[in-house]
*Asks:* 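Attaching a single structure in structure tokens format; questions to follow.
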Protein chains: 2
Amino acid sequence: MTHAAAPATVREFEEKLLEVAASLPKRLKQCADYVAANTDRIAVSTVAEMAEAAGVQPSAFMRFCQIMGFSGYSEMQRLFRENYVGGWPDYSTRLDHLREMGEHSGPRLLAEFVEAGRSSLENLLKSVDPQSLEEAVDLLASANLVHIIGLRRSFPVASYIAYALEKMQVPAMLHSVAGRLDSSAAIRPSDALLAITFSPYSAETLDLVESVRARGVAVVALTDTAVNPLRKMGATILTVSEVDFGAFRSLSATLCVAIALSAAVGARRKV
Amino acid sequence: MTHAAAPATVREFEEKLLEVAASLPKRLKQCADYVAANTDRIAVSTVAEMAEAAGVQPSAFMRFCQIMGFSGYSEMQRLFRENYVGGWPDYSTRLDHLREMGEHSGPRLLAEFVEAGRSSLENLLKSVDPQSLEEAVDLLASANLVHIIGLRRSFPVASYIAYALEKMQVPAMLHSVAGRLDSSAAIRPSDALLAITFSPYSAETLDLVESVRARGVAVVALTDTAVNPLRKMGATILTVSEVDFGAFRSLSATLCVAIALSAAVGARRKV
DNA sequence: AGCAAAATGGAACAGATATTCCAAATGCGT
DNA sequence: ACGCATTTGGAATATCTGTTCCATTTTGCT
């Protein structure tokens, strides 16, 4: 009873499950039914837990895995663990490998960054909370003037947003720290501030956010982790997790949010 | 070193992380940073995997768990496994779900832009000619000083490249037309110019390219179609076709090339 | 520079988990 | 009802994972 190759994707898994389920004896059928209804639990449960939940012995569940084409539970579990959250085989180590191999050719690097970008985008839909996004759009759309700050590596994003808002005739002002000028006085209570910052957070951005929050100005933050100094300051947080490797941050996902945010604000204003 | 109660919810966990992160030594800080950026992976990874990804020893990661208030990794993992609400429904269904929302809602737009970005990236590997890319890397890596120009919507890309090159200590200069100053005199024959421009091509960029070409300076162009004014001027052309959504250009693919180009130039220089 | 305290790496240990095997039970055809 | 084939339960085993401990290195202070 050597069953063909093990499913390589979740979809294949589901097809195989369906195909196999009909001709299964009682206990194994229980496994199939439970798995069909709780596919997601495979990634985080032990065989013992799965077996008990399905009402069978661990050994029975084991046999089920083999019938599905895997060598055992561990192999089946790996499929679901890897596919969980974009299923990226982490990039920092892959890029490390690239370095070690001395493989610095442009095309090779490009392929890597394309992959990183694609993963970031897939991941994006999970890491951005729709509700926060709507809230952010509301805040920015109802502001008198939208102030934008983003320094260093966030500057490209900030400048893109400034450009997009300008194109849609949304009043916007891009802040920079050129010449150490402090333009925070330009930010009025009826305005809103959009801050873009990623770890390590630049002090200038944090300072600006803190000072305008103290004056009760609404702040939307586009940032990397849910845990960061901006949360404490009462900003509306949009989280974007991006694959980061030293100086090489693929901004794909971040820019995507930036565009969507700009477009939504523009659309809301027009109505 | 018994720290208070262990966090009982993910939110509590994040708060604790934030609170604790500041006063942590190097290796433990690495753990905190990695966890902050990949909280979701705790549920499906082993200590060994987490430790390696964070770049520390398993024992260091263990200590981190204890500082967070757990008895060990297993207890910390339990929190995330219990709160685990599968990566399912997966990417495509999630996308569909977002699409069902109101016409101009933020999430809806985000879904569209993610799609646009993804297809752009998919096309990218086909539209960029490996040979031209290598040639571009050569030119820029052997230049004395790399000049970068990109205006309006290309400005974010230009500023990103300037930032990346700076980070890698490649001598670079970002040109802008602020104040109508003409800094073309700064471009010497042994330098190279990287021009980023998309239809409609901005006159300032074309002018600059023309004037430096007349002086025999190497020019690399990051642009959209193979047929454009820059080709005639003898520039090395990198073509990026980007999928637009509405009036907005998703810069995903363009930025991807920009990163790869910068990284390759940086790597080439170091050798 | 010299000392004490803190942090770190690595290997040894303990515990849990997956996996296998075989005896007992069940179903099925004659 | 009998015997054969299939299925099942449960305990024994092998492997993998978490955890701890201690020698070594690093850091901070006088």
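Small disclaimer: the values here were computed from a predicted structure and weren't measured. Within every chain, numbering begins at 1; the chains are lettered A, B, ... in the order of the sequence lines, protein sequences first and strands thereafter.
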*Asks:* For A:Arg27 and D:dG10, give me the distance from atom CZ to atom C1', rounded to whole Å.
*Replies:* 14 Å
*Asks:* Between B:Lys26 (NZ) and D:dT26 (C1'), how many Å, whole number?
*Replies:*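 Spelled out: NZ on B:Lys26 to C1' on D:dT26 is 10 Å.
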*Asks:* Using a cut-off of strictly less than 4.0 Å, decide whether A:Gln57 has a side-chain nitrogen or oxygen near OP1 or OP2 of D:dT8.
*Replies:*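 No, because none of the side-chain N or O atoms of A:Gln57 sits under 4.0 Å from OP1 or OP2 of D:dT8.
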*Asks:* Think A:Gln66 has a side-chain N or O under 4.0 angstrom from the OP1 or OP2 of C:dT20?
*Replies:*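 A:Gln66 to C:dT20 OP1/OP2: side-chain N or O found under 4.0 Å.
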*Asks:* Rounded to the Å, how far apart are A:Ile67 CD1 and D:dT8 C1'?
*Replies:*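 Value for this atom pair: 12 Å.
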*Asks:* Please find out if less than 6.0 Å separates the ring center of B:Phe80 from that of B:Phe13.
*Replies:*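 For B:Phe80 and B:Phe13, the ring centres are under 6.0 Å apart.
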*Asks:* CG/A:Leu28 to CE/A:Met68 distance, rounded to the nearest 0.5 angstrom?
*Replies:*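 One finds 12.0 Å between CG of A:Leu28 and CE of A:Met68.
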*Asks:* Does A:Glu52 CD have over 12 foreign heavy atoms under 6.0 Å away?
*Replies:*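 Not more than 12 within 6.0 Å, no.
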*Asks:* Can you tell me the distance, in whole Å, between the CE atom of B:Met50 and the P atom of D:dT17?
*Replies:* 15 Å
*Asks:* Could you tell me if the side chain of A:Phe198 sits less than 4.5 Å from the side chain of A:Arg152, heavy atoms only?
*Replies:*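 No, their side chains stay 4.5 Å or more apart.
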*Asks:* Rounded off to whole Å, could you give me the NZ-to-P distance for the A:Lys29 and D:dT8 pair?
*Replies:* 13 Å
*Asks:* Angle between the two end axes of the helix from C:dA1-D:dT30 to C:dT30-D:dA1, five base pairs per end, rounded to 10 degrees?
*Replies:* 30°
*Asks:* Using a strict cut-off of less than 4.0 Å between a Lys/Arg side-chain nitrogen and an Asp/Glu carboxylate oxygen, indicate whether A:Arg81 and B:Glu49 qualify as a salt bridge.
*Replies:* no
*Asks:* Side chains of A:Val157 and A:Leu251: closer than 4.5 Å at any heavy-atom pair?
*Replies:* yes
*Asks:* Do B:Arg268 and B:Glu134 meet the salt-bridge criterion of a basic N to acidic O distance under 4.0 Å?
*Replies:*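 Result for this pair is yes, salt bridge flagged.
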*Asks:* May I have the distance from B:Glu52 (atom CD) to C:dG10 (atom P), rounded to whole angstrom?
*Replies:* 13 Å
*Asks:* State whether the side chain of B:Ser119 and the backbone N or O of B:Glu115 hold a donor-acceptor pair below 3.5 Å, judged by distance alone.
*Replies:*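 Such a contact is found between B:Ser119 side chain and B:Glu115 backbone.
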*Asks:* Heavy-atom count check: over 12 atoms from other residues, nucleotides or ligands less than 6.0 Å from A:Glu75 CD?
*Replies:*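 Enclosed.
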*Asks:* Whole angstrom is fine here: how far is it from CE in B:Met76 over to C1' in D:dG18?
*Replies:* 13 Å
*Asks:* What string of B, S and - do you get for nucleotides 21-30 of chain C, 5' to 3', if B is base contact, S is sugar-phosphate-only contact and - is no contact with any protein heavy atom under 4.0 Å?
*Replies:* ----------
*Asks:* Grab the CZ-P distance between B:Phe61 and D:dG18 for me, whole Å please.
*Replies:* 10 Å
*Asks:* One thing to verify: whether A:Arg118 and B:Glu122 come together as a salt bridge, which I'm taking to mean a side-chain N less than 4.0 angstrom from a carboxylate O.
*Replies:*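 Salt bridge flag = yes for A:Arg118 with B:Glu122.
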*Asks:* Tell me if a side-chain donor or acceptor on A:Gln30 pairs with a main-chain N or O of A:Gly55 at a distance below 3.5 Å.
*Replies:* yes
*Asks:* Restricting to nitrogen or oxygen on both sides, can you table the protein-nucleotides 12-18 of chain C pairs closer than 3.5 Å?
*Replies:*
residue : atom : partner : partner atom : Å
C:dA18  : OP1  : A:Val47 : N            : 3.2
C:dA18  : OP2  : A:Val47 : N            : 2.8
C:dA18  : O3'  : A:Ser74 : OG           : 2.9

